[in-house]
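Report on one structure; see the data block that follows.
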Number of protein chains: 2
Amino acid sequence: MARNYIVSTAESKCATCSLREICLPVGLDKDETELLGDLINHKYRIRRGEHLFHTGLAFKSLYAVRNGFFKSCVLDSDGRQQVTGFYMTGELLGLDAISSEKHTCDTVALEDSEVCEVPFIKLEEISRRIPLLMHHFHKIMSREIVQDHTIMMLMGGRKAEERLAAFLLNLSERFAKRGYSSTNFILRMTREEIGSYLGLKLETVSRSLSRLQEEGIITINNKNVRLNDIYRLSHKISGYSD
Amino acid sequence: MARNYIVSTAESKCATCSLREICLPVGLDKDETELLGDLINHKYRIRRGEHLFHTGLAFKSLYAVRNGFFKSCVLDSDGRQQVTGFYMTGELLGLDAISSEKHTCDTVALEDSEVCEVPFIKLEEISRRIPLLMHHFHKIMSREIVQDHTIMMLMGGRKAEERLAAFLLNLSERFAKRGYSSTNFILRMTREEIGSYLGLKLETVSRSLSRLQEEGIITINNKNVRLNDIYRLSHKISGYSD
DNA sequence: CGCTATTTTGACCCAAATCAACTTACGTGG
DNA sequence: CCACGTAAGTTGATTTGGGTCAAAATAGCG
């Protein structure tokens with residue numbers, strides 16, 4: 001929040017946004033979308049490496065990713081950093097802050113990005129008038145919970161290679177939903193950040209990716225990934241050894 | 001849901017419930033609490049070991065724990081079970097199901113328990129008329145997200161003994177908030193369930209608890225725990241070795 | 001173009017998993 | 001109420017996946 005400058009104040013209406021089918025306005029009619037758009041008075045441009053918000057900051061707003069890519073991470077008491085999520089276009093940042101009215105994680109852009117600020121009090125207000133919006137918002141929060149459970153499952157019982165497989169497939173699906181290639185994409189985050197998210201060390205991430213490549217399942221060249229065999233990749237997760 | 005019988009249909013008003021300060025009605029006035037209470041037309045008694053709901057079941061309602069203790073767990077593709085949460089008095093079950101309109105986990109009573117059924121559509125309806133209820137509901141969902149992040153952090157970077165310490169302290173706080181002893185309580189779940197939740201095997205849980213006992217930090221006798229030295233227990237987590 | 005951050009790969013080590021044996025608690029039915 | 005059978009917990013021995021340490025290769029930035 002601190003050092004990000006405003007891109008535009010008005011004229012950034014949801015009604016004309018290409019994301020209205022995957023972002024907050026899902027399912028809303030023209031008037032409702034208009035109403036929602038009126039909330040969004042600020043958009044911010046966050047450059048790669050910059051913070052959108054820091055842990056401890058008073059919670060006022062959620063942020064919808066307009067484009068770009070973010071990570072959220074918590075710092076624990078002895079300074080170690082753990083990534084709690086990656087967020088792409090159309091996803092909502094800051095949901096964890098509602099409960100305590102303070103942000104509980106640092107959120108950082110992994111590429112040059114833009115977000116729409118959604119003042120939370122106002123969002124709640126208009127939710128009262130737009131039941132569908134309220135409902136969709138609840139679904140979004142619920143989806144975050146489900147996503148976290150998925151990660152908990154990975155960390156609980158899966159081997160490194162299986163975690164990576166699940167991670168790549170998850171990214172793949174999310175890219176697909178946004179109209180990007182599901183088999184060919186760029187990893188915006190470092191090996192260390194992937195590892196932190198999955199409960200692994202960066203060396204293990206690197207080795208596991210190399211192994212998947214040796215098996216011909218993926219092709220990886222630094223940040224560029226190609227999923228060559230989604231079927232075998234999924235089977236990695238299901239525990240079938242072949 | 002299947003085999004639980006109804007305890008009462010009316011007359012189970014939030015207004016007279018001893019949990020109204022930790023459950024959904026937090027902060028509501030008399031009339032609002034009355035309105036909320038009108039939603040709760042069914043309470044169920046779930047006996048130890050019985051399911052409240054199964055994965056895949058169509059989502060209709062949330063359930064507030066009136067008394068007792070529950071676990072939720074997801075089954076992964078090859079049949080392994082992973083505990084995603086433990087729930088006690090006043091907490092809400094089923095939040096993960098909102099997003100897909102199907103329950104994504106099995107929820108099982110770990111002791112004889114009672115729940116209040118909260119029809120979700122109706123909850124959303126009256127939320128429109130009771131902004132504070134809506135807001136509080138959002139806080140509850142957000143709290144679940146934060147709790148999951150905490151577990152992710154434990155699984156990501158912590159050693160077995162540290163995870164156990166954090167787990168015990170978390171239970172301790174939650175018991176305290178409900179007016180029970182924060183230093184002396186019964187573990188409703190098995191070592192295996194604790195392990196599953198924390199990403200450890202049951203033997204490791206057992207060994208870690210034994211070690212904490214040897215150090216004099218806790219006293220543990222089967223399911224009975226006493227926290228003898230909360231200070232040292234917290235320091236386990238912070239990474240200070242002494 | 002040079003400097004730094006990131007990634008890869010290798011060698012070695014350790015915490016927790018696994019395998020196993022035994023003990024203790026608990027619920028059930030006689 | 002007790003005895004039995006099963007489930008849960010403890011503890012030991014051994015194995016191993018991933019962590020740690022180290023060094024070299026590569027990419028990306030200013």
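Fair warning: this is a prediction, and the values are worked out from it, not measured in the lab. Chain letters run A, B, ... following the sequence lines, proteins first and then strands; every chain starts at 1.
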- [ ] Map A:E161 and A:N221 onto DNA chain D by nearest heavy atom, then report which one ends up closer to the 5' terminus.
- [x] A:E161
- [ ] Between A:R211 and B:L202, just flag the one whose closest nucleotide in DNA chain D comes earlier from the 5' side.
- [x]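 The residue mapped nearer the 5' terminus is B:L202.
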Task: Check: C:dG10 base within 3.5 Å donor-acceptor of A:R207 side chain - done: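 Yes, the side chain and the base share a sub-3.5 Å donor-acceptor pair.
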- [ ] Could you tell me whether the side chain of A:R163 has a donor or acceptor atom within less than 3.5 Å of a complementary atom in the base of D:dG18?
- [x] no
Task: Pair A:T84, A:S72: side-chain N/O donor-acceptor within cut-off below 3.5 Å - done: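 The answer is no; no qualifying pair exists.
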- [ ] Scan side-chain atoms only and decide if A:Y63 and A:E91 contain a donor-acceptor pair under the 3.5 Å cut-off.
- [x]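 The criterion, which ignores hydrogens and geometry beyond distance, is not satisfied for A:E91 and A:Y63.
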Open item on the list: Tell me if a side-chain donor or acceptor on B:Q82 pairs with a main-chain N or O of A:M152 at a distance below 3.5 Å.
Closed with: yes
Open item on the list: Under 4.0 Å, heavy atoms only, any strand: does A:G157 hit a base, just the sugar-phosphate, or nothing?
Closed with: nothing
May I have the distance from [X] (atom [atom1]) to [N] (atom [atom2]), rounded to whole angstrom?
X: B:I220; N: D:dT11; atom1: CD1; atom2: C1'; value: 15 Å
X: B:R158; N: D:dG19; atom1: CZ; atom2: P; value: 15 Å
X: B:L164; N: D:dT10; atom1: CG; atom2: C1'; value: 14 Å
X: A:K201; N: D:dG18; atom1: NZ; atom2: C1'; value: 10 Å
X: B:L200; N: D:dT10; atom1: CG; atom2: P; value: 14 Å
X: A:M189; N: D:dA27; atom1: CE; atom2: P; value: 20 Å
X: A:R191; N: D:dT26; atom1: CZ; atom2: P; value: 15 Å
X: B:E203; N: C:dA15; atom1: CD; atom2: P; value: 18 Å

Check this one for me: any side-chain N or O of [X] less than 4.0 Å away from OP1 or OP2 of [N]?
X: B:K223; N: D:dA8; result: no
X: A:R48; N: D:dC29; result: yes
X: B:T190; N: D:dA7; result: no
X: B:T204; N: C:dA17; result: yes

Open item on the list: Checking contacts here: which listed nucleotide (D:dT10, C:dA25, D:dC29) is nearest the side-chain heavy atoms of B:S206?
Closed with: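 Looking only at side-chain atoms, B:S206 lies closest to D:dT10.
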Open item on the list: Does the plane of the ring in A:F185 sit parallel, tilted or perpendicular to the ring in A:F175? Use 30° and 60° as the thresholds.
Closed with: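 Plane angle between 30° and 60°, so tilted.
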TODO: Begin with the C-alpha distance, continue with both residues' side-chain angles, and end with the deciding distance and a verdict on side-chain contact (heavy atoms from CB on, under 4.5 Å) for B:V108 and B:L52.
DONE: CA-CA 6 Å; B:V108 180; B:L52 173 58; over 6 Å; no
Task: Which residue lies more 5' along DNA chain C, comparing A:K159 with A:E214 via nearest heavy atoms - done: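 Closest to the 5' end, via its nearest nucleotide, is A:E214.
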